[in-house]
Amino acid sequence: MTGFWKEANKITHALWYADEQACVFCGDKHGPICLTCTANYLYPDLGRCLGCGKLIHSEKTHCLDCTAGRGPKQLDQVTAWGHYSGGLREFIQTVKFKAHPRRIIEIARPFSDWAISQLPVVDGIVAVPMHKTRLAERGFNQAEVIASALHWELGLQIIPGVERIEPTSSQVLLSRQERLHNLKGAFAVRHPEYLKGRRVWLVDDVTTTGATLEAVAEVLRGSGVQAIYGLCLAAGLDEEKLAVAKP
Ligand SMILES: [Zn+2]
Ligand SMILES: [Zn+2]
């Protein structure tokens with residue numbers, strides 16, 4: 001090949017592969033999520049606890065907590081795209097704490113594909129609301145950004161009307177009971193007319209005990225919402241030993 005054609009070939013190659021998205025989690029070229037990261041963080045072969053979304057053995061329907069009656073009661077089903085660890089955890093933390101909400105666009109397609117493969121069809125999406133003080137600090141509500149991604153991909157309506165009226169403190173170090181207590185009265189429905197009789201996906205970034213989803217679901221039920229399906233980017237693992245790598 002002459003120098004000219006070599007150069008032309010290089011440019012064509014670069015243009016062609018510019019469309020090929022790198023893996024969102026590791027930067028590998030086979031995106032949006034490479035096979036290794038899919039195996040390490042998303043575990044598509046594991047089940048999801050129908051009660052709280054935790055990753056469980058594929059032959060089970062519920063985790064140990066939900067089987068023992070310690071799970072959410074107000075949700076019809078919960079699912080999570082992956083495990084809150086490694087690349088997925090870093091991605092969520094980058095979005096939230098380093099103020100990169102636009103990065104949600106990168107995972108919009110695979111996350112939406114997961115959602116429609118797991119959950120029934122609904123009338124719309126409700127994002128877990130953020131208190132206005134926190135919203136002023138962060139500048140955006142990550143649950144709303146995720147809901148927007150689902151709206152773009154699937155054309156689902158975003159249903160407003162729920163607010164967080166109490167600026168609850170961090171839940172990280174609290175037990176499930178303490179979380180439920182902490183969240184009591186935290187949410188309120190301002191516009192029940194938007195919600196009555198609807199079937200919704202209730203969206204948040206991460207779920208651990210399901211206490212936040214449960215607290216929102218309770219006020220949604222009180223407003224006549226007919227079906228509520230929790231949908232999160234990430235969840236924890238069942239306490240029972242699972243054969244997963246700890247990256
Ligand atoms: Zn990867
Ligand atoms: Zn569970």
Side-chain angles (χ1 to χ4, degrees), residues 17 19-95 100 103-111 113-115 118-119 128 171 174-180 183 201-218 228-242 244-247:
Y17 287 97
D19 280 333
E20 196 172 299
Q21 191 188 349
C23 172
V24 178
F25 298 154
C26 72
D28 187 289
K29 70 174 181 173
H30 303 294
I33 313 295
C34 75
L35 291 176
T36 310
C37 290
T38 298
N40 284 344
Y41 315 125
L42 301 183
Y43 301 101
D45 297 334
L46 285 181
R48 304 297 191 261
C49 171
L50 295 176
C52 72
K54 274 204 280 285
L55 280 67
I56 54 174
H57 279 296
S58 54
E59 66 271 20
K60 290 174 61 178
T61 58
H62 288 84
C63 72
L64 294 176
D65 278 336
C66 289
T67 305
R70 294 190 297 265
K73 312 274 188 296
Q74 304 286 343
L75 293 129
D76 293 274
Q77 186 191 334
V78 181
T79 195
W81 185 39
H83 179 216
Y84 191 52
S85 69
L88 179 54
R89 184 189 175 125
E90 270 171 42
F91 176 78
I92 293 170
Q93 292 193 337
T94 301
V95 167
H100 290 297
R103 291 207 57 193
I104 290 290
I105 295 168
E106 298 168 30
I107 55 119
R109 175 61 61 85
F111 178 58
D113 287 347
W114 170 260
Q118 300 294 308
L119 298 175
V128 168
Q171 303 260 92
L174 305 181
S175 71
R176 179 178 158 72
Q177 274 315 313
E178 289 168 331
R179 284 174 194 227
L180 286 173
L183 287 162
W201 288 352
L202 177 58
V203 172
D204 205 358
D205 57 337
V206 181
T207 181
T208 44
T209 64
T212 303
L213 293 176
E214 176 81 337
V216 181
E218 205 175 311
I228 307 167
Y229 305 97
L231 173 61
C232 296
L233 292 180
L237 287 178
D238 198 358
E239 282 165 21
E240 197 175 37
K241 297 255 178 306
L242 284 166
V244 296
K246 288 274 160 51

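Counting starts at 1 for both ligands and their atoms, following the listed order. For clarity, every value in this text was computed on a predicted model and none was experimentally measured.
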Quiz item: To the nearest 10°, how many degrees is the angle Cys52 SG to the Zn ion (ligand 2) to Cys63 SG?
Solution: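 Taking the Zn ion (ligand 2) as the apex, the two atoms subtend 110°.
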
Quiz item: Tell me, do Lys60 and Thr67 make a side-chain contact under 4.5 Å, heavy atoms counted?
Solution: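 Result no, sub-4.5 Å side-chain heavy-atom pair not found.
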
Quiz item: Does any non-hydrogen side-chain atom of Thr207 lie less than 4.5 Å from one of Thr212?
Solution: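 They are not in contact (no side-chain heavy atoms under 4.5 Å apart), so the answer is no.
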
Exercise. Report yes or no: does Asp238 contribute a side-chain atom to a donor-acceptor pair with the main-chain N or O of Leu64 at less than 3.5 Å?
Key: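 Judged by distance alone, yes, a pair lies under 3.5 Å.
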
Practice problem: Using side chain to side chain contact (heavy atoms under 4.5 Å, CB included) as the criterion, point out the one residue from Val216, Leu213, Leu231, Leu233 that pairs with Asp204. | Solution: Leu213

Practice problem: Could you please tell me which protein N, O or S atoms lie under 2.8 Å from the Zn ion (ligand 1)? | Solution: Cys23 SG, Cys26 SG, Cys34 SG, Cys37 SG

Quiz prompt | Candidate pair Trp114 and Leu119, rule side chain to side chain contact (heavy atoms under 4.5 Å, CB included), full reasoning | solution = CA-CA 9 Å; Trp114 170 260; Leu119 298 175; over 6 Å; no

Practice problem: Measure from the Zn ion (ligand 2) to each N, O or S atom of Cys49 and report whether any distance is below 2.8 Å. | Solution: yes

Quiz item: Hey, what do you get for CD (Glu218) to CG (Leu75), rounding to the nearest 0.5 Å?
Solution: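 Here the interatomic distance stands at 10.5 Å.
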
Quiz item: Between atom CG of Leu202 and atom CD of Gln77, what is the distance when rounded to the nearest 0.5 Å?
Solution: 13.0 Å

